[in-house]
> 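Please find one structure pasted underneath; my questions will follow.
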Number of protein chains: 2
Amino acid sequence: MSTEARPRTQRERRARTRAALLDATIDCLVDLGYSGTTVQEICRRAGLSRGAQQHHFTTKAELMAAAVEHLAGRLRDEVRGTLTAPQGPRRIGEAIDLLWRGFSGKLSTAALELWVAARTDEELRRSMLPVDRALGRSTLEIYREAAGADLPAERLETLYWLTVNVTRGLALDAMIGGDPARRAHLLDEWKAIATSVALEAGRPGPRSGRPAPWKDIPAPGL
Amino acid sequence: MSTEARPRTQRERRARTRAALLDATIDCLVDLGYSGTTVQEICRRAGLSRGAQQHHFTTKAELMAAAVEHLAGRLRDEVRGTLTAPQGPRRIGEAIDLLWRGFSGKLSTAALELWVAARTDEELRRSMLPVDRALGRSTLEIYREAAGADLPAERLETLYWLTVNVTRGLALDAMIGGDPARRAHLLDEWKAIATSVALEAGRPGPRSGRPAPWKDIPAPGL
DNA sequence: ATACATGCGTGCAGGACTGCATGTAAAGTA
DNA sequence: TACTTTACATGCAGTCCTGCACGCATGTAT
């Protein structure tokens, strides 16, 4: 029997229960959607009582806010975990695959539910914005390191955000029940396009001089 | 006083009430989100009673299903309405702008709410899938006509769906509260990329031979 | 060992929403 | 004009969810 069999110290108990609640929250979001997610069900899945939940997170909104950070952390781990620093000629395609995998899993589904809910929930949105922003930044950072000096920073950012948005759209399509084959095809096409764009170092911008680079990167997250 | 001041015939009354309810439903989806949308509020906004609603749509699910079709119709009108058949060298950029405008308005926001809700609501999803599929097809058709024979059909479809997905992602970003300047920048970049892709008639595919074209186009809609 | 703090369970009240049953007025029909 | 159908309103019941108060047990400090 491991030393983790049953938490004896308060700190351990606290951490375990909180984690159980937050994981259950994410599960609920994935399985039932935001509107179907109720504290009752969360507690049921976590194997805890309403009282326990209320002890740790007084209100439902508080629980959701905490779930946001928990989710961001797990997403970050997922991205970092799958990043195998692809190098070589096909590295861009691999990077896109990576982003796609990261943004089409269960965690991202939960994030989507939260974001859509946050649209009409001021409090939730305030909780999510900074967390999501930080996640976006750190993810971009990972790719920036992986790219090294091969790619101008600006070009990389453009491709990164375009890819993020394409994958977001494809993730939605997958949610909806779109054709997987079509998604795969589009992803392949996008890889080819992104690769060729990345390689054309001197490609002209939208019109003549390219617009000023945009600072202050906001939310990806999904 | 127009002849429409107060509907006298039953058929008219019916059509008016139904339209009022469905429009109110869409308004609610935009303002309150799916989880915040309640039949009570819908009736309040429509200026009708619960009884009236129930007379036309027995259950809430039925009302939502009808709202889906209503929404699709309005979206289709919107797309058709703004389509001014842009021709000339910059037509691709204009077309992308069009798609973006169509997919980032209020109606699309409502559609997004419905789609996200449909993910965990089998019944709603069954209602939405065919409607959305038809909408996607007809929209693509519009662009196919606009493009004429200038662009290979396959290339057009790829660009169309990629654009749809990019705009979907950007629409999400807008919802969330992302930076408008960044979205504008990304849209410009995408226009440039799409244009260059469209013009390079002989650009190689993902690898050597391009994959078989994918049939059976499913859902865009958002 | 005693007193306090923390983690957690149970029961209840208030509120909200959906669905139904009943009633009334207006439109259509013979 | 008398009768039927349709459109719409009102009231009520059942259900579900959230938040709170209280009670018990287990850690923790002195």
Side-chain angles (χ1 to χ4, degrees), chain A residues 3-25 27-29 31-67 113 117 120-121 123-124 127, chain B residues 3-25 27-29 31-67 113 117 120-121 123-124 127:
Chain A
T3 167
E4 305 285 45
R6 241 206 316 181
R8 294 228 161 273
T9 162
Q10 298 279 58
R11 186 187 304 268
E12 269 182 343
R13 294 180 70 172
R14 182 175 180 82
R16 299 228 172 181
T17 340
R18 286 180 64 104
L21 283 170
L22 296 175
D23 285 337
T25 302
D27 282 356
C28 280
L29 287 172
D31 293 353
L32 311 171
Y34 185 82
S35 62
T37 293
T38 165
V39 284
Q40 286 184 349
E41 179 63 15
I42 292 173
C43 292
R44 202 189 61 74
R45 296 194 179 206
L48 293 167
S49 72
R50 295 285 324 283
Q53 166 263 321
Q54 201 136 33
H55 179 67
H56 291 279
F57 310 98
T58 312
T59 176
K60 184 181 181 180
E62 200 175 317
L63 175 62
M64 285 298 168
E113 290 283 345
T120 51
D121 185 331
E123 186 179 355
L124 184 57
S127 304
Chain B
T3 169
E4 305 285 44
R6 239 206 317 182
R8 294 230 162 270
T9 163
Q10 297 280 58
R11 188 187 304 269
E12 270 181 345
R13 294 180 68 174
R14 183 176 180 80
R16 297 229 174 181
T17 321
R18 286 180 64 103
L21 282 169
L22 296 176
D23 284 338
T25 302
D27 282 356
C28 279
L29 286 172
D31 293 353
L32 311 171
Y34 185 83
S35 63
T37 293
T38 164
V39 283
Q40 286 184 349
E41 179 63 14
I42 292 173
C43 292
R44 202 189 62 74
R45 296 193 179 207
L48 294 167
S49 72
R50 292 287 323 283
Q53 165 264 320
Q54 202 135 33
H55 178 66
H56 291 278
F57 310 99
T58 313
T59 174
K60 184 182 180 180
E62 200 175 317
L63 175 63
M64 284 298 169
E113 290 283 345
T120 51
D121 185 331
E123 186 178 355
L124 185 57
S127 304

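In what follows, chains are A, B, ... by sequence order, proteins preceding strands, each numbered from 1. The figures here come from the full heavy-atom set of this structure, side chains too, leaving out hydrogens, waters and symmetry mates.
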> Between Gln54(A) and Gln40(A), just flag the one whose closest nucleotide in DNA chain D comes earlier from the 5' side.
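Per heavy-atom nearest nucleotide, the more 5' residue is Gln40(A).
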> Of the candidate nucleotides dG28(C), dG19(D), dA9(D), which contains the atom at the shortest distance from the side chain of Thr9(B)?
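That would be dG28(C).
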> Could you check Arg11(B), Arg18(B), Gln10(B) and say which one makes a side-chain contact (heavy atoms from CB on, under 4.5 Å) with Arg14(B)?
Arg18(B)
> Quick one: which of Thr25(B), Leu32(B), Asp27(B), Leu48(B) gives a side-chain contact (heavy atoms from CB on, under 4.5 Å) with Ile42(B)?
Thr25(B)
> Under 4.0 Å: is that the gap between some side-chain N or O of His56(A) and OP1 or OP2 of dT6(C)?
no
> Nearest-Å distance, CG (Leu21(A)) to C1' (dC8(C))?
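Result: 11 Å.
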> In whole Å, I'd like the distance from the CG atom of Leu48(B) to the P atom of dT10(D).
11 Å
> Might you point out which heavy atoms bring Thr58(A) and Gln53(A) nearest each other, and give the distance in Å?
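That would be O-NE2, 4.2 Å.
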> So which nucleotide from dA7(D), dT10(C), dA9(D) ends up closest to the side chain of Ser49(A)?
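When the side chain of Ser49(A) is considered, dT10(C) is the closest of dA7(D), dT10(C), dA9(D).
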> Using atom CZ of Arg14(B) as one end and atom P of dC8(D) as the other, report the distance to the nearest whole Å.
9 Å
> Closest-nucleotide mapping onto DNA chain C: is Arg50(A) or His55(A) further toward the 5' terminus? I mean the 5' end.
His55(A)
> Given dC8(C), dT18(C), dG27(D), identify the nucleotide with an atom nearest to the side chain of Ala52(A).
dC8(C)
> So which nucleotide from dG27(D), dA26(C), dT18(C) ends up closest to the side chain of Arg13(A)?
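Closest of the options to the side chain of Arg13(A): dG27(D).
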> If I take atom CZ in residue Arg16(A) and atom P in nucleotide dT26(D), what distance separates them, rounded to the nearest angstrom?
18 Å
> Among dA9(D), dG19(D), dG7(C), which nucleotide has an atom closest to any side-chain atom of Thr59(A)?
dG19(D)
> Which of these, Leu63(A), Leu29(A), Asp31(A), sits in a side-chain contact (heavy atoms from CB on, under 4.5 Å) with Thr37(A)?
Leu29(A)
> Around atom CD of Glu123(B), are there more than 12 heavy atoms from other residues, nucleotides or ligands closer than 6.0 Å?
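Check fails, neighbour count at 12 or below.
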> Between dG7(C) atom P and Phe57(A) atom CZ, what is the distance in whole Å?
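That distance rounds to 11 Å.
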> dT18(C) C1' sits how many Å from Ile42(B) CD1, rounded?
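One finds 12 Å between C1' of dT18(C) and CD1 of Ile42(B), rounded.
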> Whole Å only: how far is the NZ atom of Lys60(A) from the P atom of dG19(D)?
8 Å
> The side chain of Thr58(A) lies closest to which of these nucleotides: dC20(D), dT18(D), dG9(C)?
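Nearest to the side-chain atoms of Thr58(A), counting from C-beta on, is dC20(D).
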> Ignoring backbone atoms, test whether Thr38(A) places a side-chain nitrogen or oxygen under 4.0 Å from the OP1 or OP2 oxygen of dT18(D).
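Checking dT18(D) against Thr38(A), a side-chain N or O does come within under 4.0 Å of OP1 or OP2.
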> Atom CD of Gln10(A) and atom C1' of dG27(D): how far apart are they, to the nearest Å?
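Those two atoms, CD and C1', are 4 Å apart.
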> Report the nucleotide, chosen from dA7(D), dC8(C), dG19(D), that has the shortest atom-to-atom distance to any side-chain atom of Thr17(A).
dC8(C)
